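Structure first, then comments.
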Amino acid sequence: MEEVCLNSEPVFDMVDEYEGDGEGEGDCSAVEHDDETGSKHSKKEPPLPTIGLEFDSFDEAYDFYNIYAKEQGFGIRVSNSWFRTKKKERYRAKLSCSSAGFKKKSEANNPRPETRTGCPAMVVIRLVDSKRWRIVEVELEHNHQVSPQIKRFYKSHKKMILAARKARLPAEPVTEIHTIKLYRTAAKDAVSNGFSNVSEREGIHQPDHSKHLELKEGDAYAVYNFFCRMKLTNPNFFYLMDFDDNGLLKNVFWADARSRAAYGYFSDTVAIDTTCLTNKYELPLISFVGVNHHGQSVLLGCGFLGHKSVEYFVWIFRAWLKCMLGHQPQVIVTDQCKSLQIAVSEVFPKARHCFCLWYIMQRVPEKLGGLRGFEEIKRQLNKAVYNSLKIIEFETSWTEMIKKHGLGDNKWLQTLYEERKQWVPVYLKDTFFAGMIPIRENESLNAFFDGYVHKHTSFKEFVDKYDLALYRKHLKEATADVQSKNSSFELKTRCNFEVQLSKAYTKEIFDKFQSEVEGMYSCFNTRQVTANGPIITYIVKERVEIEGNEKEVRSYEVLFETNQVDIRCICSLFNYKGYLCRHALNVLNYNGVEEVPSRYILRRWCKDFKFQHVDLGSTDIDVYGPVYRRSHFHNCAVPIVEGGAQSEE
């Protein structure tokens, strides 16, 4: 398995620049062959040098550019090299078109005519982590005509051809070395669906296309151009590409600077959305999604997956974790899938893995719709899942449903029951979800790219829509920031809790909390039932709506610790959503507590949570202010810190 990794480059080079050795430096044996060497690859579209491509050695990087130059019809030379002074070890080099620069003026009587044109075409490669060479600068345009017909007349190509002839073996045809094959697929031939055209009679078995990304015409270059553009405009942009031993693209992952910054704030609960894979969309999209301080979905990275298997999930999870510098989330929410379950346990062993209740309940009509008495089965299932406050209540309701409708042999329900501790709310009361999972029957869930992706969306369509989707999401968050900061919230009660949290919460979270304050008035008959030292147990009754307009009275148990003013309700709304429920507020009010204890006001929901973070792309920034300077210095430092974190040297 091979990877291509693009991260931000260090900002400073602290070593003097030296002139290179001249033309032909670093030549080694051929890695691609023309018709004279028996290869059939010479007519393939040459790969484009791209910022971020990596090689195992300087020679391989040189050969890669030399092959590209040969196919395009120009020669190359090492025009500059940078060395570490003490070790005399090269760590950076500039490979230029042979027409770069100009020759020194000669004082001879009959000087040779000037053949160079000051051509700007070049690549700059740099040693990273003391072991791999990465392309860090690229200029593809020439200021002179290039012609593939005269490619063998360049000195840098002659050595390559001679080495190829010398290395030719009669028994076996020479093939490209593995690293170069990898980079030939970085910008795939759109007509060939991104797959190799090598046949079995050339000694290579046909690959299994079903386990690779199937790109249609135009898709490969759209993705390639998207990454190039993002890298140029987004300094902290990160992506990884996964290739197999045949150089075929298996998986892709990326995250932009906003996603990486957002994870620094909202890393507690992460949902991994595999809807496109589950529903077999043409676009095998997988998204990592969090929740911001407004309760809105925020993208934390996404990718394309070539196959829905453990190996592929493990790769993309590790890619995401590498992007986030190894910081694991506390809770991971996914669809119910065995491959996902195994991969999550392997890559995120410390995280609490839960299944998304909404996805499971959406499958009920598909899995049970053909059964006799389906409506009654559905009603009982909903009651067991959504209305159970205690484990014994769920177990009793589930058992009654199974027995009444003779569902003991239903494989799907058997699996759900075996894994109930990962999706039924009553088993997840000690897990913080930041409102990411619905806990009521009438709550729904929308995918982050909902409205931008449908069953037949192509790769090209998606990358074209990606910027628009994120722009609208960011605009929505920015609008909510302004509303939360500048608006005075309408108070609907005279309760001190409402006044207190109107000054702290963002508008969206305050609206949800406000409904709990209003709900205090539907609670009644609050009474103490037991006391064990400072811990007092209360029962709070509430009239709740059930089917239709009917209402029923439910009793909620609330524990209140008088010394530390700790409180916990059996409904566990605080863990599910991150703010106190009406039952807990009722008990606090009953005991004369006038303000919500600070431990129950989560910072992640507060309007000033990100006040020190500044968007440098905004036009309304005071560039002479301390906030701008702090953010600017932080953004300059991040690439250096990341480089240092990944390099022992």
Side-chain angles (χ1 to χ4, degrees), residues 2-10 31-32 41 44-72 74 76 92-97 119-129 132-142 146 176-190 192 194 196 213 215 218-244 247-257 303-304 319 323 459-460 463-464 466 639:
E2 295 289 343
E3 294 181 350
V4 181
C5 171
L6 270 73
N7 279 322
S8 301
E9 283 296 308
V31 292
E32 179 163 333
H41 293 294
K44 292 173 68 176
E45 184 76 18
L48 294 176
T50 310
I51 292 176
L53 293 185
E54 294 185 355
F55 306 86
D56 289 329
S57 67
F58 172 86
D59 288 343
E60 288 183 5
Y62 179 93
D63 288 337
F64 169 77
Y65 192 49
N66 201 19
I67 290 171
Y68 168 78
K70 182 172 180 285
E71 292 291 340
Q72 295 295 309
F74 67 95
I76 69 168
R92 190 181 180 103
K94 182 177 182 180
L95 310 180
S96 300
C97 171
C119 180
M122 59 85 196
V123 297
V124 175
I125 57 176
R126 179 185 177 87
L127 186 65
V128 292
D129 295 337
R132 289 181 66 78
W133 287 83
R134 178 186 298 164
I135 296 179
V136 295
E137 291 181 42
V138 173
E139 175 55 62
L140 299 180
E141 296 298 322
H142 297 262
V146 294
E176 290 179 299
I177 67 169
H178 174 67
T179 304
I180 302 302
K181 286 188 71 178
L182 185 159
Y183 297 115
R184 288 184 62 82
T185 62
K188 298 184 186 70
D189 183 358
S192 67
S196 172
L213 295 177
L215 306 180
D219 285 346
Y221 286 107
V223 174
Y224 166 77
N225 290 332
F226 167 72
F227 285 154
C228 291
R229 175 171 53 82
M230 291 297 289
K231 188 61 186 173
L232 289 172
T233 60
N234 205 311
N236 209 24
F237 182 74
F238 176 103
Y239 76 79
L240 286 176
M241 305 178 77
D242 180 22
F243 296 84
D244 70 1
L248 302 182
L249 184 60
K250 296 164 64 178
N251 306 303
V252 178
F253 168 80
W254 76 91
D256 62 21
F304 302 135
C323 173
F459 291 83
K460 183 179 185 303
V463 296
D464 287 344
Y466 177 85

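Note that the numbering runs from 1 along the sequence shown for the chain. Quick caveat, the model's predicted, so the values are computed rather than measured.
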Does Glu139 have any salt bridge (Lys or Arg N to Asp or Glu O under 4.0 Å) partners at least two apart in sequence or in another chain, and if so, which?
none

Would you please name every residue forming a side-chain hydrogen bond (donor to acceptor under 3.5 Å, both in side chains) with Asp464, sequence neighbours left out?
Lys460

Run the side-chain contact (heavy atoms from CB on, under 4.5 Å) test on Val252 and Phe459 for me, step by step, so that the C-alpha distance in whole Å, both residues' side-chain angles and the decisive distance to 0.1 Å come before the verdict.
CA-CA 12 Å; Val252 178; Phe459 291 83; over 6 Å; no

For the ring-ring contact (aromatic ring centres under 6.0 Å, His included) test, which of Phe253, Phe304, Trp254 pairs with Phe227?
Trp254

With ring centroids as reference points, do Phe58 and Trp133 lie under 6.0 angstrom apart?
yes

Provide the closest heavy-atom pair for Leu213 versus Lys250 in the form atom of the first, atom of the second, distance.
CG-O, 3.4 Å

Give the minimum heavy-atom separation between Ala319 and Phe238, together with the two atoms involved.
O-CE2, 3.9 Å

Would you check, one step at a time, whether the test side-chain contact (heavy atoms from CB on, under 4.5 Å) holds for Arg132 with Leu127?
CA-CA 6 Å; Arg132 289 181 66 78; Leu127 186 65; 6.0 Å; no

Minimum side-chain heavy-atom gap Phe64-Leu53 below 4.5 Å:
yes

Taking the side chain as every heavy atom from C-beta outward, state whether Ile51 and Leu232 have any atom pair closer than 4.5 Å.
yes

Start with the C-alpha gap between Phe55 and Ile135, add the side-chain angles, then the distance that decides, and say whether side-chain contact (heavy atoms from CB on, under 4.5 Å) holds.
CA-CA 9 Å; Phe55 306 86; Ile135 296 179; 4.0 Å; yes

Within this structure, what is the CZ-CG distance for the pair Phe237 and Asp256, rounded to the nearest 0.5 Å?
7.0 Å

Would you check if Arg92 and Val136 make a side-chain contact, meaning some heavy-atom pair closer than 4.5 Å?
yes

Ignoring hydrogens and angles, tell me if any N or O in the side chain of Asn225 forms a donor-acceptor pair with the backbone of Tyr221 under 3.5 Å.
yes

Heavy-atom pair of closest approach, residues Tyr65 and Ala121:
OH-C, 4.0 Å

Please name the pair of heavy atoms, one in Leu95 and one in Ala61, separated by the smallest distance, quoted to 0.1 Å.
CD1-O, 4.3 Å

Output all residues satisfying side-chain contact (heavy atoms from CB on, under 4.5 Å) with Cys228, sequence neighbours left out; order by chain, then residue number.
Thr50, Tyr224

Residues in side-chain contact (heavy atoms from CB on, under 4.5 Å) contact with Val463, at least two apart in sequence or another chain:
Ala222, Val223, Phe226

I would like to know whether Arg134 and Arg126 meet side-chain contact (heavy atoms from CB on, under 4.5 Å); could you show each step before the answer?
CA-CA 5 Å; Arg134 178 186 298 164; Arg126 179 185 177 87; 5.5 Å; no

